[in-house]
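Below is one structure, written out as structure tokens; comments come after it.
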Amino acid sequence: MILNDALKEETRMQKKPYAITTPIYYVNAAPHLGTAYTTIAADSVARYQRMNGCEVAFVTGMDEHGQKVADTAQEHGMTPQEWCDSMEPAFRDAWALLDITYTDFVRTTEPRQAKTVQSFWQLLHDKGWLYKGTYEGWYCVHEETYYAESELEKDEDGNFICPDCKRPVQVMASGEENWFFKLSEFQQPLLDFYETHPDFIRPITRKNEIVSFVKGGLKDLSISRSTFDWGIPLPFDEGHVAYVWADALLAYCTGCGYGDDIDPDAFDEFWPPQYHFVGKDIIRFHCVIWPAMLMAAGWPIAHTVFGHGFLLTKGEKMSKSKGNALKPADLISIFGVDAYRYYFMSDVQFGHDGSISMERMVQVYNNELANTWGNLVSRVTNMTKKYFDGIVPEPSEAASVNPLREISDELYAKYDSAMEIVDFTGAIKEVQALAARANRYIEETEPFKLAKDASRAQDLADIMYNLLEAIRIIAIFMAPFAPNTSNEVFSRFGLGTTYDIEDIQQASVWGQLKPGSSIEVGDPLFPRLDVDNLPEME
Ligand code: MSP
């Protein structure tokens, strides 16, 4: 045990810590394509950074407190805790199905989260950032958000409705005593912070939105509720439970090791995260309230909050409540998990809204996966079997000058700079360019003709070596997005798994495939799909 810990510590010391988070999802319904989208994006980064030699803390979890969850539980005839417990498998199973490699799954009802929340708010209380007052105003239970009257919209009958979900809003009982956080005092510090940390809010459109919101002035934030008890009690006033956002945001700290008795250094090591990945709907919480809370505590703030866009089906935001939410499992049963991950990461530019459809998904699958990547692997492994008995041929020295290597030599730099800014579409495009070029190389060099001419045996060996090496390199760079396929290619090439790679730059240097090693031919990686007979994505 002690030896293991020492070893773990030693390995970790050599690696760069890297933390990334997804939102801590509400448990009022099971994961859908939207929540899966954020989670796959974070997983692709986590996998890539591990291949870059980082020790990754990848935090996700379930946001279980608050009125919305309590109401949902009641509708199902369960206690809130029973309801939350019943939802855990839905989340864990969905993430397992999508091969999500989170390192922590925080449930906000866990005792360790209560510890984080209570010590945090105690600290802010002690530092004088809290006061007791009364809140009069509007609240949307569905959004778990307070709104000023000026922000509300009206329905046809003239009743106030939520500007986000358009549901009726509640008047918060005037006279109810709440604890307030002095958010208003952070207007200038936040504006200064945005100025001095230009990468804090991305993409830039979201930054502009947040800056103008903050310039408009900030009100103090009610961080406690006393009219219901489904939440974490504030340690300095037990009749009050923490407002759901005053609880859930701190799950990021819990997941990065705050208060971990077994590994007390983890938090200092991993905090602050490189990225909080969130949908654009919750950037105010992450870009205004959250940094102000951390400033008040004197804790470091994440490097970047990335607010991605919405997935749209037929022009509408897909959501649990609109009923147009497909389950990831439905699509995985048709396309497989790697194609699922690949489609969302390549075809929806991270940061923008993106329309998704079954037709488009089939098109991307057939063009980019079946015809380009899968077909390349089939053709080349089959030719290797046929012409070289499945053994990697020895290339001549001249072979190392070739068009595939030219692309490959620049691939890491291009891919890495795209991944750094989480431009997944851009990173994938660079890898696909090599796959497409390799297919063209086959057409140009015509190995099937050379194989008939004994005097061209070395040319054939050179070409096949170059193609096999290109495949090895493509599999490395595809791994963050389509990990199972890359591992399958690695196993057919007798190369272990992509999980072993801790220095992707070095591993992807041209020429490391060993002549003399065996190559297996297997089933097509992506069997072509028939466009007819597929269900609608709605
Ligand atoms: N519990 C809060 C988050 C607390 S974080 C400290 C919450 N949960 S949620 O379950 O509603 O998840 C919201 C997130 O789901 C969005 O920010 C986004 O990441 C994702 N998406 C939900 N619908 C989506 C789409 N249609 N498209 C893309 N992502 C969407 O808010």
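Throughout, residue positions are numbered sequentially from 1 according to the sequence presented. Quick caveat, the model's predicted, so the values are computed rather than measured. Remember, it's 1-based here, ligands and their atoms both numbered in the order they're listed.
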Suppose I only count heavy atoms of Asp63 and a 4.0 Å limit; which atoms of ligand 1 are within that range? 1 (N), 2 (C), 4 (C)
Using a strict 4.0 Å cut-off to heavy atoms of Ala248, name the atoms of ligand 1 that fall inside it. 6 (C)
Shortest reach to atom 16 (C) of ligand 1 by a heavy atom, considering only Asp281, Leu312, Val244, Leu311: Asp281
Which part of Glu144 is near ligand 1, with near meaning a heavy atom under 4.0 Å away: side chain, backbone, both or neither? neither
Restricting to heavy atoms, the pick from Thr38, Asn28, Leu33, Thr313 nearest atom 20 (C) of ligand 1 would be Thr38
Heavy atoms from other residues, nucleotides or ligands near CG of Asp93 exceed 12 (cutoff 6.0 Å): yes
Would Arg360 and Tyr343 count as a cation-pi pair here, with the cationic atom under 6.0 angstrom from the ring centre and within 45° of the axis? no
In short, Tyr252 meets Thr22 closest at the heavy-atom pair CE2-O, 3.2 Å
Taking the six-membered ring of Tyr26 as reference, does the NZ or CZ atom of Lys68 fall below 6.0 Å from its centre and within a 45° cone about the axis? yes
Contact partition for Lys280 relative to ligand 1, non-hydrogen atoms under 4.0 Å: neither
Under 4.0 Å from one or more heavy atoms of Leu249, ligand 1 contributes atoms 6 (C)
I need the contact type for Trp245 against ligand 1. Using non-hydrogen atoms and a strict under-4.0 Å cut-off, is it side chain, backbone, both or neither? side chain
What part of Tyr252, side chain, backbone, both or neither, has a heavy atom within less than 4.0 angstrom of ligand 1? side chain
Give the numbers and elements of all ligand 1 atoms closer than 4.0 Å to a heavy atom of Gly309. 28 (C)
Does a salt bridge link Arg112 with Asp260, judged by any charged N lying under 4.0 Å from a carboxylate O? no
Name the one of Phe120, Phe186, Trp179 that satisfies ring-ring contact (aromatic ring centres under 6.0 Å, His included) with Trp129? Phe186
Considering both backbone and side-chain atoms of Pro23, is one of its nitrogen or oxygen atoms within less than 3.5 Å of a nitrogen or oxygen in ligand 1? no
Closer than 4.0 Å to some heavy atom of Thr35 - which atoms of ligand 1 meet that? 15 (O)
Can a salt bridge be assigned to the pair Lys207 and Glu195 using a cut-off of 4.0 Å between side-chain N and carboxylate O? no
Do any nitrogen or oxygen atoms of Tyr37 lie less than 3.5 angstrom from nitrogen or oxygen atoms of ligand 1? no
Do the ring centers of Phe277 and Phe350 come within less than 6.0 Å of each other? yes
Regarding ligand 1, does Gly279 bring an N or O atom to under 3.5 Å of one of the ligand's N or O atoms? yes
Before accepting this row, confirm whether a basic side-chain N of the pair Glu55/Lys16 lies closer than 4.0 Å to the acidic partner's carboxylate O. no
